[in-house]
Structures are given as C-alpha cells and as structure tokens.
Amino acid sequence: MKSDINIKKLKEFAGQSVTLNGWVYNKRSGGKVRFIILRDGTGLLQCVLFKGNVSEDVFERFNLLNQESSVQVTGNVKVEERAPGGVELDVTDFSIIGNSENYPITPKEHGIEFLIDHRHLWIRSKRQMAILRIRHRIVKAIRDFFDERDFTLFDPPIITPNACEGTSTLFETEYFDLGKAYLTQSGQLYAEAGALALGKVYTFGPTFRAEKSKTRRHLTEFWMVEPEMAFYDLNDDMDLAEEFLEYIVQTVLKDMQTELAALERDVTKLQKVRRPFPRISYTDAVEILRKKGVDFEWGNDFGAADETLISEDYDQPVLVHRYPSEVKAFYMKRDPDNPKVALAVDVLAPEGYGEIIGGSQREDDYDLLLKRIKEHDLPVEFFDWYLDLRKYGSVPHAGFGLGLERTVSWICGLEHLREAIPFPRMIYRNTP
RNA sequence: UCCGCGAUAGCUCAAUGGUGGAGCAUUCGGCUGUUAACCGAAGGGUUGCAGGUUCGAGUCCUGCUCGCGGAGCCA
C-alpha cells in the first residue's frame with residue numbers, strides 16, 4: 001500500500017511510471033481532458049487524464065471524485081512548464097480509496113469562525129500546511145541550535161504545586177490528597193535546578209495560562225522553549241538570544257522557500273535579521289515613546305501599541321533591557337548599579353509582532369531571593385527547593401523563554417496566533 | 001472583566017419598513033490544456049432566540065445567547 005515516492009521529490013522520477021497516494025485537492029474538466037490536483041502532504045501535483053490515453057472506464061471514474069476523496073494514482077511523470085511545480089502526472093490509472101461527499105471547506109473564501117470550527121480539515125489547505133511545516137522546521141532549528149552548543153534537553157513537570165511567578169492565573173486541578181495543583185506556566189524554576197546540575201539546559205514543552213486574554217497574541221495553551229545557563233550574566237544571555245533568533249530565521253529562510261512563497265511572506269524583511277541587534281535600556285525606550293508623543297510614566301510596563309512604536313524604527317528584533325524591578329518577576333536579579341531596575345531583557349520582534357522573548361539574570365543570593373519571595377507574598381514553603389539552589393554552590397545564571405507560536409507567527413507573517421499551532425486553545429474555544 | 005462590532009441558503013455576502021437575492025459548493029448538461037477554470041440549467045431559507053412597535057419587520061426597539069476584534073495580563 002505505502003509508496004516511497006511523494007510529490008516533493010517527484011522531479012527525480014521524470015520519465016518514469018509511478019504510483020502516488022493522496023487526496024483530491026481540487027479538480028477541473030474539459031471535454032476530452034480532465035485534471036486532478038493531488039495533495040499528499042508534501043505538495044500539490046496536477047494529474048492529467050486524456051480521453052484516449054486512458055480507458056473509458058478510468059476516464060468516467062473521474063466524475064465520482066470529490067474534493068478530498070482519497071485516491072491511489074498511477075501515471076507517467078512529465079516535465080511540464082504549464083503545470084504548477086514544473087511537473088505533472090500523465091495518469092494511466094487510478095482508484096478511489098475513500099469517498100468525500102460535500103467537503104465543507106470549498107475553494108472559496110470562508111470566515112474565521114467556520115474555519116476554526118473545521119480546524120481538523122482546515123489544516124489540509126495549502127496555507128495551513130505551509131505554516132505547520134515551517135513550525136516544524138523552527139522546532140527542529142531550536143533543538144539543533146541548543147544541541148550543537150552542548151545544552152541538555154531538560155523536561156520540567158507540567159503539574160506544579162504553586163504558581164511559578166505568582167502573577168498569572170493558572171489552570172487548577174485537584175491532585176489526590178495533596179490539594180490543589182496547577183498546570184505549569186513556565187518550566188524556568190526547574191530549568192534553574194537543571195542548569196546547576198548540567199551546566200546548560202533547555203526546556204521545551206507546552207505551558208498554560210488561564211488569563212482571559214482575548215487578543216491575536218494570546219493562547220491559553222502554547223509552547224515555549226526556555227534555555228537556562230550557569231555562569232551566564234545578562235550580557236551573555238542577550239548574546240545567546242541574538243545568535244539564537246538569527247539562527248532560526250536564517251535556517252527557515254534557507255530551507256523553507258516554497259512554504260514562505262505559499263504564504264506570500266516578504267522575505268526581504270527576514271533577510272535583514274542579522275546580528276548585531278539593537279540593544280536599548282528600558283529608560284531609553286521610554287524616551288523613544290515620549291519623543292513619539294506617548295505620555296508614558298517611567299515604571300509602567302509597555303502595552304502592545306508601545307512595543308510597536310519602540311520596534312518600528314528597526315529592521316531587526318530589539319533587545320530592551322533593565323526594566324523597573326517592580327513590573328518584573330521576583331526571581332530577577334537587580335542591577336548592582338541601579339537597584340530600581342532588574343537585569344531583565346525582552347526581545348521585541350519587528351513588524352509589530354511584539355514580545356517573543358522574555359529573559360533575565362536570576363537572583364543568586366539566598367537572602368535577597370528569600371526577601372523577594374516574601375515581598376511578593378509567595379508561600380515560602382513551596383520555594384524551599386528553589387532556595388536550596390542558592391545555598392549549595394550558587395552561581396550567576398541566566399536564561400530566557402521564547403514563545404514558539406509568536407515566533408512562528410512572526411516568521412510566517414500571520415495575523416493571528418491561532419494559525420501557528422495545529423489546534424489552538426483560546427478562552428472561548430477548546431474544540432476541535 | 002471592560003469597550004466596540006456582528007449573527008440572512010452548506011460557505012461568503014446583498015436586500016430604502018413593502019414579493020428574501022447573487023457567487024461558490026451540490027446535482028444535471030456542454031467544452032482537447034485547465035490554473036479558486038469557464039458556459040447553461042436545477043434543487044436549496046423557521047433571516048441566532050424571546051418579546052415589543054407597526055396595516056406590514058431580515059430591516060426599528062428591549063432583553064438574551066453565541067461569536068469576532070481590541071484593552072488589561074503575558075510568551
């Protein structure tokens with residue numbers, strides 16, 4: 001049944017007879033010539049039936065095909081300028097494997113609600129296939145990047161006893177006799193333990209936020225990669241983030257040209273993502289906002305519109321560092337030169353895509369960390385193990401988190417995060 | 001949680017308070033190179049729900065439900 005030949009590598013088989021498995025993406029017909037656009041997951045292929053070249057039986061069988069019928073097609077591979085992709089299949093025979101009556105997603109426009117309701121079928125469309133393939137390539141680039149730099153993949157727990165950063169609203173569940181437990185909002189605290197064991201680690205998995213966010217930049221379930229490195233300070237952390245982003249973007253540009261073209265992505269914007277990236281302090285960013293006429297008070301966090309204003313003058317991602325410690329998490333180390341700011345960095349993507357990375361150097365002093373935990377009214381007993389990391393061979397260390405869907409969204413040029421993940425989870429939707 | 005917008009055929013949309021239409025999809029017919037093919041025909045409707053105003057409501061008013069966009073929070 002299986003075929004080792006697919007549409008992506010069909011050019012290598014020019015002049016040969018091959019058998020392909022797939023689905024009918026679309027069909028068209030003339031009087032004596034009929035076309036099947038075949039989809040097999042690796043690409044689209046125009047298959048041609050000439051009356052006379054095939055038996056009457058096969059020619060008439062064409063009428064039984066519908067959009068998304070599954071088929072096995074045999075024919076000769078022909079180089080053909082008129083066909084999209086440069087090759088087409090001159091069909092000699094085909095059989096229908098599964099029917100598909102009244103396929104809901106027609107080759108016309110649909111509203112977003114309808115498409116999301118049919119997400120399980122929507123992912124068969126050209127655009128969605130391109131996005132999901134780029135997502136896969138980004139995931140592979142992320143893993144390659146860290147694996148090649150002596151990082152160890154370190155999987156943190158998903159069920160946790162406490163709110164990691166004490167800020168977000170979390171998904172809650174009953175955990176046997178131990179009371180309430182929560183779905184993780186970040187693997188970072190555990191990654192710190194990993195970094196002090198293995199030197200350099202990264203976590204990569206789903207995280208959950210029960211915030212009632214209702215914007216194109218939020219999902220309740222999303223994937224995050226979080227490297228954490230012992231003996232790294234904030235500058236080392238920013239250097240790594242820069243190199244990391246450049247690597248991801250340039251890898252996708254090199255390997256995913258077909259998919260980027262299918263999305264009509266302006267790749268000249270991505271080509272400019274080369275180091276060094278601009279680095280500005282939070283205080284500088286506030287000045288930029290004020291010069292642009294925003295009445296912004298030092299000490300507040302940036303909103304989405306502010307982020308766009310800060311990043312719009314640059315082609316590369318912008319690293320904004322040293323935020324007021326009040327708006328940042330308890331575990332971030334304060335700047336010894338200015339205790340009002342934390343050694344934190346956010347990376348703002350170009351083209352208004354906003355924050356894709358948030359990171360910091362961590363507080364490595366036992367007493368200061370304990371003080372912060374108390375100041376934030378966090379339950380100290382849950383942080384005993386975390387404080388231990390500062391008790392037994394504490395070192396300066398740093399890390400950051402990259403939101404996978406936001407990165408996919410930026411690189412693909414998407415309007416909304418919901419297209420960047422196979423089955424998006426949002427405040428008013430947990431199906432299909 | 002707050003602000004704004006919307007719900008009409010399977011889908012995308014139109015319809016001055018006065019007989020609810022079009023394109024796509026579906027079915028049938030035509031065409032030897034189509035590129036969201038094209039041409040012709042047919043079938044397809046409790047206008048989100050409940051109430052109100054009116055001789056008459058898809059259209060105006062009130063309430064509700066659901067959805068979309070944005071804010072806040074954040075990746």
Side-chain angles (χ1 to χ4, degrees), chain A residues 25-37 44-53 59 63-64 66-68 78 80-85 88 90 100-118 121-122 125-127 164-170 184-188 205-226 241 300-307 327-329 346-349 353-359 400-410 415-418 420-421 426-429:
Chain A
Y25 192 76
N26 199 358
K27 64 173 196 173
R28 290 183 284 273
S29 67
K32 303 288 190 292
V33 61
R34 295 174 175 178
F35 300 95
I36 300 167
I37 306 302
L44 297 176
L45 174 71
Q46 176 162 283
C47 305
V48 190
L49 286 87
F50 278 111
K51 196 184 180 95
N53 283 15
F59 196 69
N63 293 326
L64 301 174
N66 294 113
Q67 197 186 350
E68 289 301 322
K78 214 170 72 178
E80 172 57 70
E81 283 303 313
R82 286 173 291 185
E88 65 178 23
D90 200 358
S100 170
E101 283 177 26
N102 294 317
Y103 185 71
I105 303 178
T106 63
K108 276 280 177 177
E109 288 161 22
H110 298 280
I112 191 63
E113 186 184 350
F114 179 82
L115 289 170
I116 286 268
D117 282 342
H118 295 83
L121 302 176
W122 187 23
S125 71
K126 203 160 116 184
R127 175 182 164 83
C164 161
E165 303 181 11
T167 51
S168 293
T169 315
L170 304 189
T184 184
Q185 65 164 186
S186 165
Q188 185 213 304
T207 51
F208 308 87
R209 305 275 166 95
E211 296 287 348
K212 294 194 171 181
S213 297
K214 209 170 143 24
T215 83
R216 67 179 75 182
R217 294 180 310 282
H218 292 86
L219 298 171
T220 55
E221 178 182 317
F222 64 97
W223 284 63
M224 189 155 65
V225 56
E226 296 176 283
N300 290 339
D301 208 350
F302 301 128
D306 302 323
E307 289 180 353
V327 301
K328 288 294 180 185
D346 281 359
V347 182
L348 307 180
Y353 279 92
E355 185 184 349
I356 49 170
I357 281 181
F400 60 82
L402 171 96
L404 178 63
E405 287 75 18
R406 285 191 181 174
T407 305
V408 172
S409 197
W410 163 46
E415 292 282 318
H416 200 298
L417 228 49
R418 65 190 155 207
I421 187 169
M426 294 170 291
I427 171 166
Y428 291 125
R429 175 178 295 277

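Bear in mind the structure is a predicted one, so any value in this text is a computation, not a measurement. In what follows, every chain begins at residue 1, and chains take the letters A, B, ... in the order their sequences are listed.
- Using a 30° and 60° split on the angle between ring planes, A:Phe114 and A:His110 fall in the parallel class, below 30°.
- Contact annotation for A:His416: backbone-only contact, meaning every heavy-atom pair under 4.0 Å involves sugar-phosphate atoms and none involves a base.
- Computed from coordinates, the A:Glu101 CD to B:C11 C1' distance equals 18 Å when rounded to whole Å.
- Nearest-nucleotide positions on RNA chain B for A:Asn63 and A:Ala305 put A:Asn63 closer to the 5' end.
- Residue-level contact check: A:Leu417 touches the bases, meaning some heavy atom is under 4.0 Å from a base atom.
- Remark: the backbone N or O of A:Thr207 is not paired with any side-chain donor or acceptor of A:Gln185 at under 3.5 angstrom.
- In this structure, A:Ile357 reaches the sugar-phosphate backbone alone: every heavy-atom distance under 4.0 Å involves primed, P, OP1 or OP2 atoms, never a base.
- Shown here is A:Lys126, whose NZ atom has no more than 12 heavy atoms of other residues, nucleotides or ligands within 6.0 Å.
- For the OP1/OP2 pair of B:C24 and a distance below 4.0 Å, the side-chain nitrogens and oxygens of A:His110 include no atom meeting the criterion.
- Taking atom CG of A:Leu115 as the reference point, atom P of B:C68 lies 12 Å away to the nearest angstrom.
- Summarising the geometry, the separation between CD on A:Glu80 and C1' on B:U32 is reported as 14 Å, rounded to the nearest angstrom.
- Under the 6.0 Å distance and 45° angle rule, A:Arg406 does not count as a cation-pi partner of A:Tyr353.
- Side-chain proximity of A:Ile112 to the nucleotides B:A75, B:A71, B:C68 is greatest for B:C68.
- Side-chain atoms of A:Val48 lie closest to B:G33 of the nucleotides B:C73, B:U34, B:G33.
- Of all nucleotides listed (B:C74, B:C68, B:U26), B:C68 comes nearest to the side chain of A:Arg429.
- Taking atom CG of residue A:Asp346 and atom C1' of nucleotide B:C74, one finds them 10 Å apart after rounding to whole Å.
- Computed from coordinates, the A:Tyr103 OH to B:A25 P distance equals 15 Å when rounded to whole Å.
- Contact check, A:Arg418 against B:G69: a side-chain N or O comes under 4.0 Å of OP1 or OP2.
- Heavy-atom minimum distance, A:Glu405 versus A:Leu417: O-CD1, 3.4 Å.
- Atom CD of A:Glu68 is separated from atom P of B:U26 by 13 Å (rounded to the nearest Å).
- The aromatic ring of A:Phe35 does not sit over the base of B:G33; the criterion of centres under 5.5 Å apart with planes under 30° is not met.
- Side-chain contact of A:Thr106 with A:Gln67: a donor-acceptor pair under 3.5 Å is absent, judged by distance alone.
- For the pair A:Ile421 and A:Leu219, the tightest heavy-atom approach, listed with the atom from each and the gap, is CG2-CD1, 3.9 Å.
- In this structure, A:Gln46 and A:Ile37 approach most closely via the heavy-atom pair OE1-CD1, 3.8 Å.
- The side chain of A:Arg217 approaches B:C73 more closely than any other nucleotide in the set B:U26, B:C73, B:U32.
- Note on A:Arg34: every side-chain N or O is 4.0 Å or more away from OP1 and OP2 of B:G33.
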Discussion item. If a pair means Watson-Crick or G-U wobble with both distances below 3.5 Å, what does RNA chain B look like in dot-bracket form, with | marking bases paired to a different strand?
Written reply: (((((((..((((....[..)))).(((((.......))))).....(((((..]....))))))))))))....
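- Note: NE2 (A:His218) to C1' (B:C68) measures 17 Å, nearest angstrom.
- Mapping A:Met426 and A:Gly358 onto RNA chain B by nearest heavy atom places A:Met426 at the nucleotide closer to the 5' end.
- The residue A:Ser29 sits close to a base: some heavy atom pair falls under 4.0 Å.
- Using a 4.0 Å heavy-atom cutoff across all strands shown, A:Gly303 reaches sugar-phosphate atoms only and no base atom.
- Nucleic acid contact for A:Glu88: base, since at least one base atom lies under 4.0 Å from a heavy atom of the residue.
- Rounded to an integer number of Å, the gap from CG of A:Asp301 to P of B:G72 is 10 Å.
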